[in-house]
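Down below is the structure, laid out as structure tokens.
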Amino acid sequence: MPVPSHPTRRALLFGSAGTAALLAGGPGALLGTGSAAPRPALPVADTAVSLDAAPVTVDLGSRTVHTWGYADRVPGPEIRVTAGGTVSARLHNNLPQETTVHWHGLRIDPTMDGAPGLSQVAVAPGDVFDYRFTAPDPGTYFYHSHVGTQLDRAAYGALVVEDPAEPLGYDAEWIVVLDDWIDGTGTDPDAALNLIRTGPVQTMHSTLLGGTAGHIDYPHYLVNGRTPEAPEVFTETPGRRIRLRLINAGADTAFRVALGGHELTVTHTDGYPVVPVTVDTLLIGMGERYDVLVTLADGVFPLVAAAEGKNARAFAVLRTSAGEAPSASVAVPELRGRLLTLADLVVDPSVDLGDTPARGVDLVLGRGRDGTGWTLGTSSAFDSPPLRVPVALGERVRLSFTNTTRMWHPVHLHGHTFQVRGATGRGPRKDTVMVRPRESVAVDVLAENPGEWMLHCHNLYHSELGMMATFGYGETPPPGPDMPGMSGMSGPG
Ligand SMILES: [Cu+2]
């Protein structure tokens, strides 16, 4: 089987083939009518950033909290680089425990992936680590700590990889980072983990879609680090087209997002282009990203992110004219309008992995035998050490996830962007996919980035309690059990 090299993929993304496909298949309206002209070509630019992981005091708008983060604000510094450019990030660990940084969604060298105990030794308190990698693919990503419950503090930030030949026409960007907040409110994420570990906890049911979307009734839900009582206000001009880059950095909350008075045209899932589809609202799971184009109306509008099943919301304001801002509790009819589904999403032809047959691997999202832990394995592998799914370089693997529990599990694979199969076989490219209760979702992965990679639920509390496997191919697999009956599959050939 031919192994597409990175230059081949890049040529598909940046070359005339990808642009032609967009011009032929996408609505011309997205490609530069009105004021939203195609953007000028960018020179490839590198970026350097210093991330000081440390105890900090941050202002959430309506209150100040003591937490752990990368700056005295949350989210941490926004990182921007051009595809093909290099990110150099010096991590100083001034926390009282180990830490790492994971570059969520990026197809980079495994030694830079920030997976503690798998691809790097966690950075000890007082130590420094230099992350350095080339950002291969344009899109909306984020970075976060991959140690303990640090993600559910302030150890995260947005990461945007710009396309040097951006095919979308838009005038401005609004990065919208969503989060669920508990730290420094009289309790903290480690206390929450202990509650979840040690027995029955309050669980929040999704009234519309069934099952349980999360465990924790958080005191606050944030847009760009602000509570609904003191929201961020994004000011623009009517008629302009903006690109929303939606990122769910929450640990235990799926959000239902809508912008009052506007439709949402979804253009990208987890950084990769889809055939544009217009809806009123979308659900974004932990670790997922969506890019959305919006043509701005005249007025003052609520951006809401309803915490699924939790009877609370994150909130921000979009202002294009004078007038009174809506209250955080304002009714937003779009929340009950057309909801984006996985079946609505069709991959853009430029990033379609195609139809090559794949070897199937069935995986089960389940509970530990004692009923407290969470597992990702074969049905026979519950309660065993983390499963390793062995693959061969160049192989295409179809991972089929079946959720046997009553909770939602957004499953994330490091170092790759898989393709959701769906009914048409032309589903979206993603690195994180929501698997709802009693549902099965199949994704195809092309093994083109050798290494040992984490495969886990992006509900932080589930991965901390065992819903974690590895996906590996390379020279030196780590010690540990391979998937039963599949040993000998690893390594080239
Ligand atoms: Cu989960």
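Since the model is a prediction, treat every value here as computed from it, not as a measurement. In each ligand, atom 1 is the first atom listed, and ligand 1 is the first ligand listed.
Around the Cu ion (ligand 1), the protein N, O or S atoms found under 2.8 Å comprise His409 ND1, Cys457 SG, His462 ND1.
When the side-chain contact (heavy atoms from CB on, under 4.5 Å) test is applied to Ala251, the partners found at least two apart in sequence or on another chain are Asp152, Asp180, Tyr218, Leu460, Tyr461.
Between the side chains of Thr432 and His104, at least one donor N or O lies within less than 3.5 Å of an accepting N or O. With no hydrogens or angles considered, a side-chain donor-acceptor pair links Gln150 and Thr99 at under 3.5 Å.
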Could you go through the side-chain hydrogen bond (donor to acceptor under 3.5 Å, both in side chains) check for Thr140 and Arg245 one step at a time? CA-CA 6 Å; Thr140 302; Arg245 296 183 184 268; 2.7 Å; yes

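A parallel orientation is assigned to the rings of His414 and His102, their planes being inclined by less than 30° (bins at 30° and 60°). A perpendicular orientation is assigned to the rings of Trp374 and His215, their planes being inclined by more than 60° (bins at 30° and 60°).
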